[in-house]
Every structure is written in C-alpha cells, then in structure tokens.
2 protein chains.
Amino acid sequence: MAVQQLHTAGRLPGETRLRLLSATRALLAAKGRRGTTTREIADQAGVNEATLFRHFGSKDALVDACVEYYCRTVELEELLASLDGNLERDLRRIASALMQRMESVRDLIVMSLAEEDGNGIVGEAAWRAPTAIKKIVADYMAKRIAAGELSGNPLFLARFFMGMVFSYVMGRKRFPEEYAAEPDQVVEFQVDVFLNGARKG
Amino acid sequence: MAVQQLHTAGRLPGETRLRLLSATRALLAAKGRRGTTTREIADQAGVNEATLFRHFGSKDALVDACVEYYCRTVELEELLASLDGNLERDLRRIASALMQRMESVRDLIVMSLAEEDGNGIVGEAAWRAPTAIKKIVADYMAKRIAAGELSGNPLFLARFFMGMVFSYVMGRKRFPEEYAAEPDQVVEFQVDVFLNGARKG
DNA sequence: GCGTTATGCAAGTAAGTACTTGCACTTAAC
DNA sequence: GTTAAGTGCAAGTACTTACTTGCATAACGC
C-alpha cells in the first residue's frame with residue numbers, strides 16, 4: 001500500500017476542492033441556487049469560507065464548476081454497442097440508460113427548469129446526457145420505421161419515449177411512496193405500452 | 001352601466017390585493033420564491049411596498065395567498081359529464097382537460113418541485129387539479145379494464161397517462177421551439193399511442 | 001363636516017450574505 | 001533550513017432585503 005501523501009493541513013491534494021463541489025451539489029439539490037449560502041457550503045464541506053473563495057473566486061463560479069463536474073462526460077458507446085436489433089430489448093436498454101442518467105442529475109434538471117435563466121450553464125449541462133440519448137432514440141425510431149417495424153413520426157415517437165422516462169423520474173421525486181416500484185419493472189411496462197398500447201385484443 | 005364606486009386613492013375595492021397577487025404570480029414564475037423581492041412585487045403591481053405588508057403581513061403569507069388564489073377550485077363535473085363511453089374520445093377529453101390545467105399552473109408545479117419543502121402549501125395547491133384528475137383517470141382505467149377494453153394495472157396505466165401529459169407540458173417549457181405543435185394534435189397522438197402502441201401491424 | 005380606511009412617501013432598522021483581508025500555522029518541496 | 005503553497009481564523013466591508021414607522025392625503029360612510 002502506497003502511503004497517501006498529504007499536501008497541506010492534513011488534506012489530500014484536490015480534496016478540498018472535491019469536498020466543496022460535493023457540498024455544493026447537496027445544498028443546491030435541497031435549497032436551490034439562491035437558497036444556498038457560501039457559509040453553508042463551507043460548513044458542510046468542513047472548510048473555511050475564505051478557502052471557498054480562494055478556490056473558486058465567486059459563488060457563481062463554484063456553482064458552475066459543480067454542475068460541470070457532475071455532468072461531465074456522457075459515454076454512450078456502451079449503450080450503442082449493447083443494441084442487438086431486438087426491438088423490445090433495445091428499447092428497454094435505451095429506456096434503462098436514460099432513466100439512470102436522468103435520475104443521476106434529476107436535482108439539476110429541476111433546478112434548470114425553475115431558474116430564471118433556464119438556458120444557462122446549469123440548463124445546458126443538466127440536459128446534456130438526456131439530449132445525447134434523445135438523438136440515439138430519434139435515430140433508432142427512424143430506422144425502425146423505415147424497416148416497417150414501427151409507425152408514426154420518428155420525432156414524436158422519440159419525444160414520447162423520452163417523456164415516459166422523464167415523467168417517471170419526476171414522479172418519483174414528488175410522490176416517492178407511489179413510485180416505489182422496481183425500475184426494471186417500470187421500464188418493462190413502459191416499453192410494453194409504448195409498443196403494443198393498452199388496448200386489449 | 002352601473003358606475004364603479006372608487007374606494008380610496010382611485011382604486012376599486014380589492015383591486016390593490018389583486019394587483020399584488022397578479023404581480024407576485026408573474027415574478028414567482030420568472031424568478032422563483034427566493035429570487036423575487038417584495039420591492040419588485042410592489043413596483044410591478046404599481047403599489048407601494050408598505051401597502052404590500054399592510055395587506056399580507058409578510059412575504060411568505062403573500063406567496064401562500066397567491067398560490068392559493070391561482071389554484072382555487074377544480075370543478076370537474078363538466079369533465080365527467082362530457083365522457084360518453086367512447087373510449088378514444090373520452091381519453092382525449094381527459095387528456096385535454098389535464099393538459100389545460102397543468103399548463104395553467106406549470107410555473108407553480110415547477111416551483112413546488114424545486115423548493116426545499118416540496119410538500120408545503122405551494123406543492124399541495126399546485127398539484128390539486130392534476131391530482132383530482134388523476135383520480136378520475138384511475139377510476140376510468142379500472143372500469144375499462146373490467147369491461148375488457150383495456151388491459152394492465154389500472155394504477156400503472158393512470159400514471160402512464162398522466163405522465164404523457166406532464167412530460168409534454170414540461171417539455172414545452174424547456175424546449176418551446178420543439179414543442180410548438182397544436183395541443184389537439186398532441187393529445188390525439190398521445191392517446192393513439194397509449195391505446196394502440198407504436199408497433200406496426 | 002367628521003371619522004375611518006386605504007394608500008403613498010420617505011426614512012430607517014435589523015439581519016443576512018457575498019466577498020475581502022491580514023495573520024498565524026502546517027506541510028511539502030528543494 | 002528555507003521557501004512556497006494551502007488552509008484556518010477573526011474581523012470587517014458593502015450591499016441587499018424583509019419589514020416598520022410616522023406623516024400627509026384622498027376618498028368613502030354617516
């Protein structure tokens with residue numbers, strides 16, 4: 001075991017920054033941008049408030065860095081690679097990936113919806129993963145329509161599909177007790193209705 | 001034409017209150033609770049800030065009164081009366097009513113999602129209409145399943161149905177240019193996919 | 001006319017909040 | 001050992017904001 005080298009004041013290099021980013025995220029999710037104070041962030045991070053400003057310069061810069069950090073990259077190769085041509089299975093995989101990503105930035109998505117400047121950095125970053133997946137969905141729908149397996153407008157279908165997942169993720173935030181079912185079950189149900197409809201016969 | 005009686009200072013009785021409620025709503029939608037100041041509200045209402053406090057006592061009380069005022073009553077008799085047994089037509093009417101109500105309190109719904117205390121007065125009031133309609137949907141689904149016209153879990157179906165509309169209303173907020181289609185068309189499309197699925201054949 | 005009520009106006013208070021500064025201390029690098 | 005970097009601590013600044021107060025005024029009910 002390599003001995004961890006302490007940088008200063010008993011902290012690992014970069015640790016202070018990380019603690020601040022993490023605390024910021026937690027408080028943003030709970031109270032929103034305006035509701036969160038730099039003092040609270042510093043306290044929750046176990047760091048002095050002055051240190052916060054020495055690292056990030058301003059509260060806005062910290063928030064931006066935080067959002068950027070937690071929405072970094074979207075690697076979708078694995079998702080694309082996992083698609084094997086089986087319509088139902090593919091859609092389930094897409095829905096599952098989408099649900100996972102949306103859930104992981106749900107708080108930031110809500111923030112971006114509520115903020116006056118919904119198209120700022122927060123809005124852009126929070127929707128990065130969903131938007132990327134949306135492209136995949138739209139392309140997928142178009143192909144399957146061309147192949148005669150689906151019918152309708154590919155864009156409408158893509159939006160509908162995204163919406164199914166989105167509404168579930170948001171529903172779980174507002175009504176946690178109602179939406180307690182297993183994500184796998186939910187995905188299965190959603191894809192089933194999406195493909196076959198609810199009509200009997 | 002009866003001559004309007006002025007109360008004081010050239011204002012109709014109750015007018016000041018209304019102006020304040022209206023201004024509050026507009027600013028809440030644009031900047032959220034914390035982002036809105038009492039000075040701004042008073043200015044936008046064309047009223048002195050002191051008058052605001054004389055009427056409502058505190059900013060919180062004003063916000064509560066505002067939300068309560070704009071989410072007052074939900075009369076659903078008309079909706080229920082309009083249902084005639086035709087499955088497709090009924091679902092369209094329900095979806096249409098739901099969409100209208102959700103759209104009219106969309107800003108407050110978003111606020112309730114973003115607020116730390118999502119279950120406060122705002123959350124309760126904003127979801128009042130949607131929740132009432134949700135009951136109608138669930139009952140409707142159960143009946144139609146019993147009649148053999150639909151299949152599945154009535155609660156899941158109801159949530160799915162609500163979610164279709166919810167995601168559309170929210171999508172229009174975030175991506176206005178993309179979601180510019182006519183509401184009627186959207187409802188038709190949604191109900192169609194909901195009933196028959198997207199699969200061809 | 002007279003009292004009541006609603007309002008405007010201007011000034012002020014108390015608290016919070018983003019951000020700064022100067023100093024001491026610890027640790028790592030050389 | 002010396003230097004430099006990162007941090008804690010305490011105090012402070014400038015600004016915002018919810019909320020108050022005292023006074024003048026205009027309209028209404030009687």
Side-chain angles (χ1 to χ4, degrees), chain A residues 2-24 26-28 30-67 115-117 120-122, chain B residues 2-25 27-28 30-67 115-117 120-122:
Chain A
V3 173
Q4 299 269 25
Q5 295 213 340
L6 296 183
H7 195 48
T8 64
R11 293 260 160 78
L12 302 173
E15 192 194 346
T16 300
R17 194 183 159 83
L18 268 181
R19 293 169 76 101
L20 282 169
L21 290 174
S22 163
T24 302
L27 287 167
L28 279 187
K31 314 184 158 202
R33 190 178 201 130
R34 299 215 202 224
T36 302
T37 74
T38 52
R39 225 178 292 262
E40 276 176 317
I41 295 173
D43 284 354
Q44 175 142 341
V47 156
N48 194 274
E49 195 184 358
T51 299
L52 182 159
F53 286 98
R54 284 194 270 249
H55 265 270
F56 295 95
S58 74
K59 179 185 171 184
D60 277 349
L62 168 58
V63 171
D64 289 350
C66 169
V67 172
E115 282 202 348
E116 37 194 323
D117 183 6
I121 291 188
V122 179
Chain B
V3 173
Q4 298 271 24
Q5 297 212 335
L6 297 182
H7 195 46
T8 63
R11 294 263 160 77
L12 303 172
E15 193 195 345
T16 299
R17 194 182 157 84
L18 268 181
R19 294 168 74 101
L20 282 168
L21 290 174
S22 163
T24 302
R25 163 112 204 229
L27 287 167
L28 279 187
K31 315 182 157 207
R33 191 177 202 133
R34 301 217 201 220
T36 302
T37 74
T38 53
R39 227 178 291 260
E40 277 176 316
I41 295 173
D43 283 354
Q44 176 142 339
V47 157
N48 194 276
E49 195 183 357
T51 299
L52 182 159
F53 286 99
R54 285 194 269 250
H55 266 270
F56 295 95
S58 74
K59 180 185 171 184
D60 277 350
L62 168 59
V63 171
D64 288 351
C66 169
V67 173
E115 283 201 348
E116 39 195 323
D117 183 6
I121 290 187
V122 178

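Chain naming here is simple, since letters A, B, ... match the order of the sequence lines and numbering starts at 1 in each. No hydrogens, no waters, no symmetry mates; every other heavy atom, side chains included, goes into these values.
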Discussion item. Over all strands shown, is A:G35 touching base, sugar-phosphate only, or nothing at heavy-atom distances under 4.0 angstrom?
Written reply: nothing
Worksheet item: Can you find a side chain N or O atom of B:T38 that sits less than 4.0 Å from OP1 or OP2 on D:dT17?
Response: no
Worksheet item: Between atom NZ in A:K31 and atom P in C:dG16, what is the gap in whole Å?
Response: 13 Å
Worksheet entry | Value in whole Å for how far the P atom of D:dA27 lies from CD of B:E15 | 14 Å
Response to the item:
Separation of D:dT7 atom P from A:N48 atom CG, nearest Å, is 11 Å
Discussion item. Is A:T51 close enough to D:dT7 that one of its side-chain N or O atoms is under 4.0 Å from OP1 or OP2 there?
Written reply: no
Worksheet item: Does the side chain of B:R54 reach to within under 4.5 Å of the side chain of B:T51, using non-hydrogen atoms?
Response: yes
Fill in: Given DNA chain C, 5'-ward residue of the pair A:R39 and A:G57, judged by closest heavy atom
A:R39
Worksheet entry | B:L20 CG to D:dA18 P, straight-line distance once rounded to whole Å | 14 Å
Fill in: For B:T16, the option from B:L21, B:N48, B:V47 that meets side-chain contact (heavy atoms from CB on, under 4.5 Å)
B:V47
Worksheet item: Counting just side-chain N and O atoms, does B:T16 come under 4.0 Å of either OP1 or OP2 of C:dT7?
Response: yes
Item to complete: Find the distance A:D43:CG to D:dT7:P and express it as a whole number of Å.
Response: 16 Å
Worksheet item: Given that A:R33 and B:H55 both sit by DNA chain C, which one's nearest nucleotide is further toward the 5' end?
Response: B:H55
Item to complete: Would you kindly compare B:R54 and B:D60 by the position of their nearest DNA chain D nucleotide and give the one closer to the 5′ end?
Response: B:D60
Fill in: Length of the CD1-C1' vector between A:I41 and C:dC19, whole Å
13 Å
Worksheet item: If we only count heavy atoms from C-beta on, is the B:R33 to B:V122 side-chain gap below 4.5 Å?
Response: yes
Discussion item. In this structure, how many angstroms lie between the P atom of D:dA5 and the CZ atom of A:R17, rounded?
Written reply: 18 Å
Item to complete: Keeping the roles fixed (side chain from B:K31, backbone from B:T37), state whether a donor-acceptor pair exists under 3.5 Å.
Response: no
Item to complete: Identify which nucleotide among C:dG8, D:dA10, D:dT20 has an atom closest to any side-chain atom of B:V47, counting heavy atoms from C-beta outward.
Response: C:dG8
Worksheet item: Can any side-chain N or O of B:T24 pair as donor or acceptor with the backbone N or O of B:C66 at less than 3.5 Å?
Response: no
Item to complete: Report the distance from atom CD of A:E49 to atom P of D:dA11, rounded to the nearest whole Å.
Response: 15 Å
